[in-house]
2 protein chains.
Amino acid sequence: MSLLVVGSLALDTIETPFGKAERALGGSATYISVAASYFIQPVRLVGVVGGDFPKEDIEFLKEKEIDIEGLQVKEDEKTFFWHGKYNFDLNSRESITTDLNVFADFDPVIPGQFRKSTYLCLGNINPELQLKVLKQVEKPRLVVADTMNFWIEGKHEALMEVMKKIDVFIINDSEAREISGEANLIKAAKKIQEMGPKILIIKKGEHGALLFCENDLFAAPAYPLESIYDPTGAGDTFAGGFIGCLAKTEDLSYENMKRAVIYGSTVASFTVESFSLDRIKDLTAFEIKDRFNEFKQLSVFTSA
Amino acid sequence: MSLLVVGSLALDTIETPFGKAERALGGSATYISVAASYFIQPVRLVGVVGGDFPKEDIEFLKEKEIDIEGLQVKEDEKTFFWHGKYNFDLNSRESITTDLNVFADFDPVIPGQFRKSTYLCLGNINPELQLKVLKQVEKPRLVVADTMNFWIEGKHEALMEVMKKIDVFIINDSEAREISGEANLIKAAKKIQEMGPKILIIKKGEHGALLFCENDLFAAPAYPLESIYDPTGAGDTFAGGFIGCLAKTEDLSYENMKRAVIYGSTVASFTVESFSLDRIKDLTAFEIKDRFNEFKQLSVFTSA
């Protein structure tokens with residue numbers, strides 16, 4: 001098995017009620033790859049950075065056995081930069097600065113040996129770019145894609161095309177409501193599944209996640225965290241843990257999809273415990289398994 | 001075992017995007033008693049109505065084996081009336097009219113043989129009245145209480161007194177945040193448990209419910225409903241199913257508390273399928289057990 005991840009690499013300045021991180025490592029592809037690296041190695045990464053991208057961040061990705069052959073480095077340009085500020089309850093945020101920089105004219109080129117990857121994760125980028133990636137790969141066994149409200153509004157047609165070509169769509173509850181035009185999430189999910197993806201995951205932050213798999217529904221709880229320092233990357237690491245688990249086990253059964261959702265939730269729960277990728281830089285297999293088991297205790301009950 | 005329920009009986013006019021019900025049977029004690037009647041009979045009811053309270057509603061309560069000896073009927077006065085209008089996504093509502101009527105000077109009197117009830121459910125009423133009830137009962141094995149934002153703001157001191165005297169406190173997420181002053185629900189729960197109740201249930205509507213039992217946490221999923229016609233009474237029937245299950249089984253272990261939360265969720269999920277008590281007037285044991293089992297399928301997953 002082999003896993004290809006395409007998305008953004010970024011430098012993020014993040015403000016939360018608990019502090020501030022400046023020009024810290026971020027980006028959808030970064031978070032996804034690092035999360036997936038705990039399940040499968042190497043993870044194949046395709047993205048673009050500028051000359052200002054720290055050498056130690058490149059080294060860190062390599063340490064995580066992330067294959068950066070597909071990483072374009074444009075020495076004379078600047079890396080994608082985002083400055084966001086979260087409100088007091090961390091449920092909403094304001095984008096203070098979004099400098100696309102090198103990302104403005106990103107043209108994803110999938111290296112030859114990456115094109116036969118059996119698992120593909122399309123991080124949150126312009127759906128037109130996601131379509132370009134889909135044209136270059138050769139029948140992956142499973143394609144997972146993420147998006148965001150910005151593309152739902154601005155690139156609707158391309159996003160609808162993407163949805164027809166993917167297997168698993170991962171979005172949050174407000175995005176699900178926006179795409180479907182339905183307030184009720186169960187109705188929303190049915191409508192979205194009719195748009196293409198047989199499998200839909202709706203992330204609900206502190207309320208967990210819902211996995212819609214054809215006609216089945218699995219409700220995953222959220223890990224109870226008293227302190228969430230930085231929600232950035234939670235959704236991406238969820239996707240990375242999810243597809244990483246599937247690629248490792250090569251089992252696409254509903255039962256295993258459920259486990260993959262819990263592994264995704266597990267990695268995401270670590271992500272938000274600190275700024276940037278700080279908490280998930282050096283997770284151990286024991287930490288991950290231990291928290292997976294804690295998830296189980298959260299929702300188990302027996303009849304009579 | 002014996003279960004005493006004290007709360008309001010009301011006539012509700014309810015508007016939702018799906019229709020309108022006029023002067024329909026409502027009130028916290030009504031919903032709680034009917035829900036609990038599927039687990040234990042008779043349920044002992046204490047409340048007050050006016051001369052306009054329909055005779056057929058009295059008959060209905062009797063049919064459900066609800067003991068109305070403690071129901072005060074003030075022939076020359078009017079029953080508590082509420083007119084509410086829900087917004088399009090049913091997550092918020094506006095109170096158009098609240099006529100306390102007979103409820104304005106309600107003085108709960110617990111009949112002699114009701115005072116030794118082993119289980120007590122205090123529906124959402126003025127906490128000063130909840131305290132009056134607590135003074136009249138003789139060491140119930142378990143006391144469950146509900147409240148609402150109106151009392152959190154208006155009768156803070158009395159509510160704090162109630163919280164010291166009860167075992168299980170059932171509130172929704174916004175109420176939990178308001179009482180504790182904490183945005184994070186896990187932090188909020190710890191603070192509320194320190195105020196008195198060892199067991200706290202936070203209802204989250206479409207996101208399920210959280211049971212905090214001393215240091216344990218159980219996350220119950222919500223039943224996936226595509227159409228919610230009327231959320232009125234969902235919280236009350238949750239409480240009724242919860243305490244009804246506990247009173248029936250007489251098992252206050254954490255394992256059984258979890259089952260009781262699922263039974264509460266089960267009855268609540270029926271309640272919202274139609275206006276007023278229409279859907280829960282004639283539930284069968286089979287329907288309840290069947291949906292309980294569906295809840296199980298929603299959240300179960302296995303390791304490796």
Side-chain angles (χ1 to χ4, degrees), chain A residues 17 87-91 173 177 182-191 204-212 216-228 245 248-249 251 253-263 265 289 292-304, chain B residues 17 87-91 173 177 182-191 204-212 215-228 245 248-249 251 254-263 265 289 292-304:
Chain A
N87 75 351
F88 85 103
D89 68 0
L90 300 171
N91 282 328
D173 45 356
R177 291 189 166 105
E182 290 286 350
N184 180 292
L185 286 181
I186 310 299
K187 264 192 196 162
K190 287 208 171 168
K191 272 202 177 176
K204 306 189 296 173
E206 63 168 341
H207 303 302
L210 299 174
L211 164 68
F212 298 87
D216 286 314
L217 170 58
F218 170 60
Y223 187 76
L225 287 169
E226 276 190 61
S227 299
I228 294 172
C245 167
K248 176 191 184 181
T249 55
D251 173 358
S253 67
Y254 175 52
E255 273 312 303
N256 202 47
M257 289 271 171
K258 295 197 279 185
R259 280 190 284 272
V261 164
I262 299 296
Y263 275 116
S265 305
K289 189 70 197 176
F292 177 92
N293 289 333
E294 283 189 75
F295 265 93
K296 202 154 183 185
Q297 288 313 312
L298 267 178
S299 60
V300 71
F301 66 94
T302 53
S303 309
Chain B
N87 76 351
F88 84 103
D89 68 1
L90 300 171
N91 282 327
D173 45 356
R177 291 187 166 105
E182 291 285 349
N184 180 292
L185 285 181
I186 310 300
K187 264 191 195 161
K190 286 207 172 170
K191 273 203 176 176
K204 306 189 297 172
E206 63 169 342
H207 303 303
L210 298 175
L211 164 68
F212 299 85
N215 291 315
D216 287 313
L217 170 57
F218 171 61
Y223 187 76
L225 287 169
E226 277 189 60
S227 299
I228 294 173
C245 168
K248 176 191 183 181
T249 54
D251 173 358
Y254 175 52
E255 273 312 303
N256 201 46
M257 290 270 171
K258 296 197 279 184
R259 280 190 285 271
V261 164
I262 299 296
Y263 274 116
S265 306
K289 189 70 196 179
F292 177 92
N293 290 332
E294 283 188 75
F295 265 93
K296 201 153 184 187
Q297 289 312 312
L298 267 177
S299 59
V300 70
F301 66 95
T302 53
S303 309

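From a predicted model like this one, the values you see are computed outputs, not experimental measurements. Convention: sequence-line order gives letters A, B, ...; per-chain numbering from 1.
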### Task
Applying side-chain hydrogen bond (donor to acceptor under 3.5 Å, both in side chains), name anything that partners B:Asn87, two or more places apart in sequence or on another chain.
B:Asp89, B:Ser92
#### Entry: Pick from A:Ala222, A:Ala220, A:Pro221, A:Pro224 with the largest number of heavy-atom pairs that fall under 4.5 Å of chain B
A:Pro224
### Query
What part of B:Ser227 is in contact with chain A, defined as an atom under 4.5 angstrom from a non-hydrogen atom: side chain, backbone, both or neither?
both
### Query
What about A:Phe301 and B:Tyr263, are their ring centers closer than 6.0 Å?
no
### Message
I'd like to know which of B:Arg177, B:Glu206, B:Lys296 tops the heavy-atom pair count under 4.5 Å against chain A.
### Response
B:Lys296
Tell me which donor-acceptor pairs under 3.5 Å the side chains of residues 182-190 of chain A have, and how far apart each pair is, sequence neighbours excluded?
from, atom 1, to, atom 2, distance (Å)
A:Glu182, OE2, A:Lys191, NZ, 3.3
A:Asn184, OD1, A:Ile186, N, 2.8
A:Asn184, OD1, A:Lys187, N, 3.0
A:Asn184, ND2, B:Leu225, O, 2.7
A:Asn184, ND2, B:Glu226, O, 3.2
A:Lys190, NZ, B:Glu226, OE2, 2.8

### Message
Given heavy-atom pairs under 4.5 angstrom as the criterion, report whether the side chain, backbone, both or neither of A:Asp216 touches chain B.
### Response
neither
### Query
Do B:Lys258 side-chain atoms and A:Thr302 backbone N/O form a donor-acceptor pair below 3.5 Å?
no
### Message
Heavy-atom cut-off 4.5 Å, strictly under: side chain, backbone, both or neither for B:Glu255 against chain A?
### Response
side chain
#### Entry: B:Asp251 versus chain A, the contacting section by heavy-atom distance below 4.5 Å
neither
### Query
Going by heavy atoms in the side chains, are B:Ile262 and B:Phe218 under 4.5 Å from each other?
yes
### Message
Tell me whether A:Lys248 at atom NZ has more than 12 heavy atoms from other residues, nucleotides or ligands lying less than 6.0 Å away.
### Response
no
### Query
Using non-hydrogen atoms only, which part of B:Lys204 is less than 4.5 Å away from chain A: side chain, backbone, both, or neither?
side chain
